[in-house]
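A short write-up of the structure that comes next.
Hydrogens, waters and symmetry mates play no part in the numbers below; they use all other heavy atoms, side chains included. Every number for a ligand or one of its atoms is a count from 1 in the order of the listing.
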Amino acid sequence: MKLGVLGSGDVGKVLASGFLKHGHEVMVGSRIASKLGDWAKKNPGGKTGSFSDAAKFGEVVVLAVKGTVAGDALRAAGAANLQGKTVIDAANPIADAPPVNGVLRFFTSLDESLMERLQRDYPGAKFVKAFNSVGNACMVNPQFRGGKPTMFICGNDDGAKKTVAQLLDQFGWETADMGKAEAARAIEPLCMLWCIPGFLRNDWVHAFKLLS
Ligand SMILES: NC(=O)c1ccc[n+]([C@@H]2O[C@H](COP(=O)([O-])OP(=O)(O)OC[C@H]3O[C@@H](n4cnc5c(N)ncnc54)[C@H](OP(=O)(O)O)[C@@H]3O)[C@@H](O)[C@H]2O)c1
């Protein structure tokens with residue numbers, strides 16, 4: 001599969017390296033090409049470019065930018081380059097304000113998630129929420145004593161979710177499909193919960209598992 005990753009931060013780089021490791025073709029996008037120099041050296045099979053180059057390249061696009069600027073990054077990527085494509089949305093709507101007793105603050109409400117806003121603004125793209133509620137160090141082939149962790153996903157397009165579930169399976173996750181885009185109202189705040197042990201006890205190595 002050809003993946004276009006929008007984001008030069010830890011998430012973009014870790015996911016891009018993971019896709020390469022699993023035999024996919026990858027282009028990572030940034031506004032500033034020099035930010036990806038080290039990644040390109042360590043990942044000679046990967047390509048780098050602008051947000052627009054990466055979105056055009058990808059059959060599947062990954063959104064891995066700061067939540068407050070997700071709209072700006074998608075605008076730079078270009079609606080035409082996202083048309084009809086699965087967009088894996090790892091972004092969290094974290095506000096530019098400090099956490100309170102380890103609890104992050106969001107700029108969204110429980111009645112409207114970031115992903116719903118993006119889906120509304122880019123109706124031609126098929127957004128799937130994934131990878132938002134685990135740290136980047138545990139995103140690719142995580143090893144936990146408790147077994148395979150669960151990635152909660154949601155989105156309006158069943159085919160897009162199937163594609164994402166296949167990629168998650170390669171990365172060593174089990175997938176729990178929580179339904180349509182509105183479920184991002186519940187999945188995005190899992191990031192707040194995931195981060196609390198980190199902020200309070202510097203414990204950043206854990207993941208969620210759904211038991212039945
Ligand atoms: N860090 C984690 O472990 C983790 C885990 C799960 C989910 N997430 C979520 O994943 C997303 C990425 O996180 P991250 O830690 O990798 O990096 P980040 O620092 O949150 O975001 C970096 C990216 O944001 C882009 N950006 C910043 N300002 C911009 C602007 N004005 N316009 C367009 N793009 C802009 C940067 O673009 P340039 O490349 O052009 O500078 C860069 O690619 C976030 O939404 C975060 O909440 C993070």
Please work out whether any backbone atom (N, CA, C, O) or any side-chain heavy atom from C-beta onward of K13 is under 4.0 Å from ligand 1, and answer side chain, backbone, both or neither. neither
Using distance alone, decide if ligand 1 has a nitrogen or oxygen within less than 3.5 Å of any nitrogen or oxygen in K66. yes
Where's the contact between N92 and ligand 1, heavy-atom distance under 4.0 Å: side chain, backbone, both or neither? both
Within 4.0 Å of atom 31 (N) of ligand 1 (strictly less), any protein heavy atom? yes
Heavy-atom closest pair, residues G179 and K161: O-NZ, 3.0 Å
Classify the side-chain pair S113/E116 by whether it contains a donor and acceptor separated by less than 3.5 Å. yes
Using the rule that Ile, Leu, Val, Met, Phe, Trp and Tyr join whenever any side-chain heavy atoms are under 4.5 Å apart, tell me whether I88 and L63 fall into a single cluster. no
Which heavy atom of A181 sits nearest to which heavy atom of C154, and what is that distance? O-SG, 4.0 Å
Taking only heavy atoms of A91, which atoms of ligand 1 are found under 4.0 Å from at least one of them? 45 (O)
CH2/W173 to CG/L167 distance, rounded to the nearest 0.5 angstrom? 14.0 Å
Aromatic plane relationship, F171 with H22 - under 30° parallel, 30 to 60° tilted, over 60° perpendicular: tilted
Atoms in ligand 1 flagged as close to G7, the criterion being non-hydrogen separation under 4.0 Å: 43 (O)
The protein heavy atom nearest to atom 43 (O) of ligand 1 is S8 N, 2.7 Å
Name the orientation class of the two ring planes belonging to W204 and W194 (parallel below 30°, tilted from 30 to 60°, perpendicular beyond 60°). tilted
Validate the cation-pi geometry between K2 and F57: distance from NZ or CZ to the six-membered ring centre under 6.0 Å, angle to the ring axis within 45°. yes
For atom 36 (C) of ligand 1, closest protein heavy-atom neighbour: R31 NH2, 4.1 Å
Ranked by distance from atom 13 (O) of ligand 1, the top protein heavy atom is V11 CG2, 3.7 Å
Within ligand 1, which atoms have a heavy atom of S30 less than 4.0 Å away? 38 (P), 39 (O), 40 (O)
Just which atoms of ligand 1 are under 4.0 Å from any heavy atom in A90? 7 (C), 8 (N), 9 (C), 10 (O)
K35-ligand 1 polar pair, N/O distance under 3.5 Å: yes
For atom 35 (C) of ligand 1, what's the nearest protein heavy-atom neighbour? Residue, atom name and distance, please. V69 CG2, 3.4 Å
For ligand 1, indicate whether the residue F51 contacts it via side chain, backbone, both or neither (heavy-atom separation under 4.0 Å). side chain
Heteroatom proximity flag, V65 to ligand 1, N/O under 3.5 Å: yes
Counting each atom of ligand 1 from 1 as listed, which ones have a heavy atom of D10 under 4.0 Å away? 16 (O)
Are a donor atom and an acceptor atom from the side chains of K21 and N141 found within less than 3.5 Å of each other? yes
How close do G7 and V28 get, counting heavy atoms only, and between which atoms? O-CG1, 3.3 Å
The atoms of ligand 1 lying under 4.0 Å from a heavy atom of G9, numbered in the order shown, are 16 (O), 17 (O)
Side chains of R105 and V100: does their closest heavy-atom pair fall under 4.5 Å? yes
For ligand 1, which atoms sit closer than 4.0 Å to a heavy atom of A64? 11 (C), 12 (C)
Ignoring hydrogens and geometry, is there a side-chain-to-backbone donor-acceptor pair from E188 to M115 under 3.5 Å? yes
Using modelled atom types and a 3.5 Å cut-off, is there a donor and acceptor pairing between side-chain atoms of K85 and backbone atoms of G58? yes
Below a 4.0 angstrom heavy-atom separation, can you tell me which part of V134, side chain or backbone, both or neither, approaches ligand 1? backbone
Just jot down the ligand 1 atoms closer than 4.0 angstrom to any heavy atom of G135, in number order. 3 (O)
May I ask whether L63 has any heavy atom positioned less than 4.0 angstrom from an atom of ligand 1? no
